[in-house]
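Sequence positions, counted from 1, serve as the residue numbers for this chain.
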Amino acid sequence: MSTRFPFTAVVGMDDLRLALLLNAVSPAVGGVLVRGEKGTAKSTAVRALADLLPVVPVVAGCRFSCDPSSPDAGCPDGPHDDAPGAERAARMVELPVGASEDRLVGALDIEKALAEGVKAFEPGLLAAAHRGILYVDEVNLLSDHLIDHLLDAAAMGASHVEREGVSVRHAARFLLVGTMNPEEGELRPQLLDRFGLTVEVAASRVPEQRVEVVRRRLSFEDDPAAFAARWAGEEADLRERIIAARDLLPKVVLGDAALLQIAATCAAFEVDGMRADIVMARAATALAAWAGRTEVTSEDVRQAALLALPHRRRRNPFDAPGLDEDKLDETLEQFKGEEPQTDPDEDPEPDGPDGPGDGGPGGGGGIPPQGEGPAPESDGVPEETPAPAEAPAPAPQGSGAGERAAVQAAEPFRTKMLSVPGLGEGAAGRRSRARTEHGRTTGATRPRGALTKLHLAATVQAAAPHQRARGRTGPGLVVRRDDLRQATREGREGNLVLFAVDASGSMAARQRMSAVKGAVLSLLLDAYQRRDKVGLITFRGRTADLALPPTSSVDAAAARLEKLPTGGRTPLSAGLLKAHDVLRIERLRDPSRRPLLVVVTDGRATGGGADPVALAARAARLHAAEGTASVVVDCETGHVRLGLAGSLARELGGTAVTLDELRADSIAGLVRDVQAADQTTRRAA
């Protein structure tokens, strides 16, 4: 077994360590979501937590980790009436992003169920994680169907596997811990809310602390066992402190004053539902137990709010998580009741999230004296060097017009459904039709590998003609492997939506560019909801730039769009050629993900060569020749329209829509709805 990096050797990141330790004290807090840039030791800290958890009593031989004191009555390995007990180390089970459904929930052998009438069930990762930790690295990249199973298990504390009338259920209560890089996309709101606490981490900008991180990492890699041995004493102390806090937890009193502060804080920040109140109450109670107290204080409530509320305040993927601490302090002060009295002989409350910054045995989350370098920061927030304000890019020479500053985007709206025609086979999503593992059944085929979705009628039809030859004499059907049929299903896939946005002088009128940005922002929000990847190309002056390579992070695209300057000529051909290059590379990277090109322009071409209009038409025909689905969002305004965007759409082999038509509730759509309703009324009369 490989040696993990010790938890107590992690430098800094006090908020992350505290959030993990609170869940170790009280798993009912609901897990931790760790957000941060790449290379910040998110996974290292999470994996190190498993070695600190107390041993777990289990029923000997039970594959589902039943507790001997209260075994699960419905356990597939049960009943456990007189089964002997045993102890094992707490498990940390890692869920790979690309795991199959059977790997997560378990595999039920349909062949044996049909042919022999027995339930042969192989437990999955949910069973292995029961009474332990389920860790998902890059949780924001997890497939939708796996997220659905996680949500069900987290809500019910059990996993259900249903296959053609054969059902298996087992307990699945676990501490859910996820790490993610926000640049790669955001989480579905339902799963985001399932995480009790959230923590933002970033690399320290303090040179001395960075030196200490490197020193410890190199020392660990040179000799993992020796490095772990040097920290073994501190690990043992921290493990004992977790056990002591668990024992104290039932004795902690959550008074009415603290409960009122919790409710008032959640109401003041307008969080949805009541889960935030419950999580804050559990976190504040765990904080008190961790500090060795039996009453919850206002400071416990404040710290619980900072960990439990930031990710619950987001209303759309473009909102940055966070909490206004001044507003939080005002709310707590307004509803402050009588504070519980502290024992004068008792040690003062730790001044950092885990304890004193000196790393003594009683605080710092068990962090030892920093003999090998500086002590970690006590406030959990690395000192940041303010980044200089990002200046707009200089206008290209010869652009023909000066650059204009970026303008504010108009309010986003609900857009019409844009989809790729035909039937794809890409990653599950919500945009275009595709063959998927989930959806409506459209037919049957012979399984190429393991059978996952049985088509019962087709299987029976295949087996029926051979019953006499197989010697069938009684009830039941003699089914063989060759008879089994896999159901083919049709659902929806996510696409690559590549935006090519005209930022030239003809688009630079303040009101028009604001409307254009609002439309693109609306399409980005639609892409987020439909599980698409997005990319952003802008063109103006003489060139086109890839402002954002294809990614799952629509908020990153929104940030690039917000800073987009305008001005200069319209190199429409350059924008289309850049889009062609990007799509060519993406086809090699992910051949199954079909692209949708969205060109946002008024159709004018005034740059890029002697005959810019002809060059743009030739570039458009490249996309048409490769069958790229495309939509042109016509931004032309005024009483006199040249119809250039429509001509571009015809060259692309796509469609053109105006900004007004892009709205799902556009006037044209309302007129069609009214006409349809009127015809229905007349027929009924």
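Put simply, the side chain of Ser26 never gets that close to the backbone of Asn23: no donor and acceptor are under 3.5 Å apart. No donor-acceptor pair under 3.5 Å is formed between the side chain of Asp532 and the backbone N or O of Val497. Although no hydrogens or angles enter the test, the distance criterion places a donor-acceptor pair under 3.5 Å between the side chain of His311 and the main chain of Phe195. Remark: side-chain polar atoms of Thr488 are paired, donor with acceptor, to backbone N or O of Gly443 under 3.5 angstrom. Judged by distance alone, the side chain of Glu493 and the main-chain N or O of Arg431 form no donor-acceptor pair under 3.5 Å. The backbone N or O of Ala48 sits nowhere less than 3.5 Å from a side-chain atom of Asp51 that would complete a donor-acceptor pair. Side-chain N or O atoms of Arg312 include one that pairs as donor or acceptor with a backbone N or O of Ala308 at under 3.5 Å. No side-chain donor-acceptor contact under 3.5 Å links Thr40 to the backbone of Gly36. Thr459 places a side-chain N or O within 3.5 Å of a backbone atom of Arg485 that can act as its donor or acceptor partner. For the pair Thr198 (side chain) and Arg35 (backbone), a donor-acceptor distance under 3.5 Å is absent.
Residues Tyr528 and Ser552 have side chains that never bring a donor and an acceptor to within less than 3.5 angstrom of each other. Side chain to side chain, Ser592 and Glu425 fail the donor-acceptor criterion of an N or O pair below 3.5 Å.
Put simply, the side chain of His130 does not reach to within 4.5 Å of the side chain of Cys62, judged on heavy atoms. Using a 4.5 Å cut-off on side-chain heavy atoms (C-beta onward), Leu191 and Leu176 make contact. At a threshold of 4.5 Å between non-hydrogen side-chain atoms, the residues Val29 and Thr285 do not count as touching. Taking the side chain as every heavy atom from C-beta outward, Glu586 and Arg593 never approach each other to under 4.5 Å. In this structure, the side chains of Phe7 and Leu21 come closer than 4.5 Å at one or more pairs of heavy atoms.
At most 12 heavy atoms of other shown residues, nucleotides or ligands fall within 6.0 angstrom of atom CD in Gln461. The number of heavy atoms from other shown groups lying within 6.0 Å of CE (Met417) is above 12. In Arg103, the CZ atom is not crowded: 12 or fewer heavy atoms of neighbouring residues, nucleotides or ligands sit closer than 6.0 Å.
Between Phe220 and Phe5, the angle of the ring planes goes over 60°, which puts this pair in the perpendicular group of the 30/60° scheme.
For Glu240, the side-chain contact (heavy atoms from CB on, under 4.5 Å) partners at least two apart in sequence or on another chain are Ile243.
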Q: Go through Asp526 and Arg430 one step at a time and tell me if the salt bridge (Lys or Arg N to Asp or Glu O under 4.0 Å) criterion holds.
A: CA-CA 10 Å; Asp526 181 67; Arg430 296 184 177 180; over 6 Å; no
Q | Steps toward side-chain contact (heavy atoms from CB on, under 4.5 Å) verdict (Val201, Val199) | A | CA-CA 6 Å; Val201 297; Val199 179; 4.0 Å; yes
Listed pairs under 3.5 Å, donor-acceptor, residues 64-81 side chains, sequence neighbours left out:
| residue | atom | partner | partner atom | Å |
| --- | --- | --- | --- | --- |
| Ser65 | OG | Arg88 | NH2 | 2.7 |
| Asp67 | OD1 | Ser69 | N | 3.1 |
| Asp67 | OD1 | Ser69 | OG | 3.0 |
| Asp67 | OD2 | Ser69 | OG | 3.2 |
| Asp72 | OD1 | Gly74 | N | 3.1 |
| Asp72 | OD2 | Arg169 | NH1 | 3.0 |
| Asp77 | OD1 | Arg63 | NE | 3.3 |
| Asp77 | OD1 | Arg63 | NH2 | 2.9 |
| Asp77 | OD2 | Arg63 | N | 2.9 |
| Asp77 | OD2 | Arg63 | NE | 3.0 |

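A side chain to side chain contact (heavy atoms under 4.5 Å, CB included) with Arg489 is found for exactly one of Lys453, Arg440, His455, namely Lys453. A side chain to side chain contact (heavy atoms under 4.5 Å, CB included) with Leu146 is found for exactly one of Val139, Leu151, Val136, Leu104, namely Leu104.
Pairs engaging residues 273-288 under the salt bridge (Lys or Arg N to Asp or Glu O under 4.0 Å) rule: Asp193-Arg275 [sequence neighbours left out].
Salt bridge status for Glu490 with Arg435: absent, with no side-chain N to carboxylate O gap under 4.0 Å.
The minimum heavy-atom distance linking Ala428 with Arg531 is given by the pair O-CB, 4.3 Å.
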